[in-house]
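Written below as structure tokens is the structure these notes are about.
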Protein chains: 2
Amino acid sequence: MATDPDPGTPAAPRARERSTRQFEAVRDELARGDDFRSAQDIHASLGARGTAVGLATVYRALQTLADSGAADSLRSPAGQAVYRVCGQVHHHHLVCRSCGRTVEVQGLAVERWAEKTAGANGFSDVEHTVELTGTCTPCRTTSS
Amino acid sequence: MATDPDPGTPAAPRARERSTRQFEAVRDELARGDDFRSAQDIHASLGARGTAVGLATVYRALQTLADSGAADSLRSPAGQAVYRVCGQVHHHHLVCRSCGRTVEVQGLAVERWAEKTAGANGFSDVEHTVELTGTCTPCRTTSS
DNA sequence: TGCCATACTGATAACGATTCTCATTTTCAG
DNA sequence: CTGAAAATGAGAATCGTTATCAGTATGGCA
Ligand SMILES: [Mn+2]
Ligand SMILES: [Mn+2]
Ligand SMILES: [Zn+2]
Ligand SMILES: [Zn+2]
């Protein structure tokens with residue numbers, strides 16, 4: 001359960017060093033909308049548009065974007081990794097378990113709770129992951 | 001992203017009709033702890049204990065338990081489906097990113113915030129995932 | 001208690017998403 | 001313009017989960 005002993009390497013966040021047509025294509029395709037997309041999905045759209053990019057490259061680009069914070073990523077209930085361009089301000093997600101509709105939410109309350117709780121237990125440099133899942137209004141009225 | 005249109009079939013919740021040693025074994029193994037476990041994990045533990053149960057059966061049992069509400073299930077960040085017995089006291093985890101030490105925490109503040117935030121956005125049947133990561137005291141003083 | 005329709009099991013094949021390989025292409029500092 | 005290294009991409013390899021389907025065990029019933 002404990003993370004790698006983290007030898008000497010500061011977990012090299014292998015930042016991007018060169019600019020390529022493929023990477024930009026993925027970035028643009030993701031930015032084309034504000035919803036969560038899977039790697040396969042992006043790969044297909046890109047191909048259909050004539051801007052073909054290898055599937056492996058799409059996966060790599062998406063991961064890099066997520067690592068750098070330029071994109072959010074989460075697991076769809078189906079188990080796929082999905083990505084979306086991320087806003088700058090710190091926020092969390094409220095996702096509809098039925099249609100995937102997502103709302104970015106914030107809250108001083110959680111932030112404070114996280115900080116306080118961690119501190120009370122002697123933890124520092126706290127980070128937190130918060131995801132809310134529910135059923136949105138349209139889906140609720142429809143499915144019943 | 002959107003789930004199946006749910007045609008006519010009422011999603012037959014095929015309830016369990018017979019009692020078997022395997023199903024009980026999985027249920028018990030899951031109940032042995034209150035943390036999230038993967039199917040593979042349960043399968044291994046069961047085997048190590050001499051109560052061997054086929055992997056496919058473990059997957060089925062876990063799914064059935066989740067469908068009946070006897071277990072909660074979610075996707076671990078690694079993408080695996082993990083299950084936990086339902087009805088345990090609700091709590092979250094505060095994990096040390098260095099040594100893995102984990103503390104179970106609770107908080108009325110987050111609970112309320114989650115409920116309120118979701119409601120304000122028209123979402124119902126809210127569930128939430130909250131994980132705190134930080135550096136525990138021992139690790140902080142050690143790595144200076 | 002014995003019978004039997006079938007729910008359940010499990011070894012294994014099939015799947016599908018993501019990652020890995022590695023030869024080839026592309027970028028860019030010098 | 002050159003060369004070292006980053007980046008790409010086709011295809012193989014992983015790996016968690018699901019589908020098969022033949023063999024087994026359960027429980028209602030005679
Ligand atoms: Mn975001
Ligand atoms: Mn909670
Ligand atoms: Zn919805
Ligand atoms: Zn620690």
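Lettering follows sequence order; numbering is per chain, from 1. Heavy-atom basis, side chains included; hydrogens, waters and symmetry copies ignored.
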Regarding H90(A) and E104(A), is there a side-chain donor-to-acceptor distance under 3.5 Å anywhere?
no
Contact boundaries of DNA chain C with chain B (under 4.0 Å, heavy atoms), 5' to 3'?
dA5(C) to dA11(C)
Using the test ring pair (Phe, Tyr, Trp, His ring centres under 6.0 Å), find all partners of H43(A) that sit at least two apart in sequence or belong to another chain.
none
Angle of first-five versus last-five pair axes in the helix from dT1(C)-dA30(D) to dG30(C)-dC1(D), to 10 degrees
30°
Let's see if you get this right: which residues in residues 39-61 of chain B place a heavy atom under 4.0 Å from DNA chain D?
Q40(B), A56(B), Y59(B), R60(B)
Sorted by number, residues from residues 29-38 of chain B placing a heavy atom under 4.0 Å from DNA chain D are none
Where at least one partner belongs to residues 124-137 of chain B, residue pairs that pass salt bridge (charged side-chain N to carboxylate O under 4.0 Å, His left out), sequence neighbours excluded
R97(A)-E127(B)
Of all pairs that satisfy salt bridge (charged side-chain N to carboxylate O under 4.0 Å, His left out), the ones with a partner from residues 75-85 of chain B, not counting sequence neighbours:
D72(B)-R84(B)
Whichever hydrophobic residues join V82(B) through chains of side-chain contacts under 4.5 Å:
F36(B), L74(B)
If hydrophobic residues (ILVMFWY) are linked whenever their side-chain heavy atoms come closer than 4.5 Å, directly or via other members, who joins Y83(B) in its cluster?
F23(B), V26(B), L30(B), I42(B), L46(B), V53(B), V58(B), L62(B), L65(B), V85(B)
With a 4.0 Å cut-off on N to O distance, would you call R21(B) and E24(B) a salt bridge?
no
D41(A): salt bridge (charged side-chain N to carboxylate O under 4.0 Å, His left out) partners, not counting sequence neighbours
R37(A)
Nearest-nucleotide wise, let me know which of S19(A) and A81(A) is further upstream toward the 5' end of DNA chain C.
A81(A)
Between which nucleotides of DNA chain D, read 5' to 3', does contact with chain A run, using atoms under 4.0 Å from its heavy atoms?
dA5(D) to dA10(D)
d(T20(B) OG1, R18(B) CZ) to nearest 0.5 Å is 10.5 Å
In this structure, CD of Q106(A) is separated from CH2 of W113(B) (nearest 0.5 Å) by 9.5 Å
Could you pull out all residues at least two apart from R32(A) that satisfy side chain to side chain donor-acceptor pair (under 3.5 Å)?
none
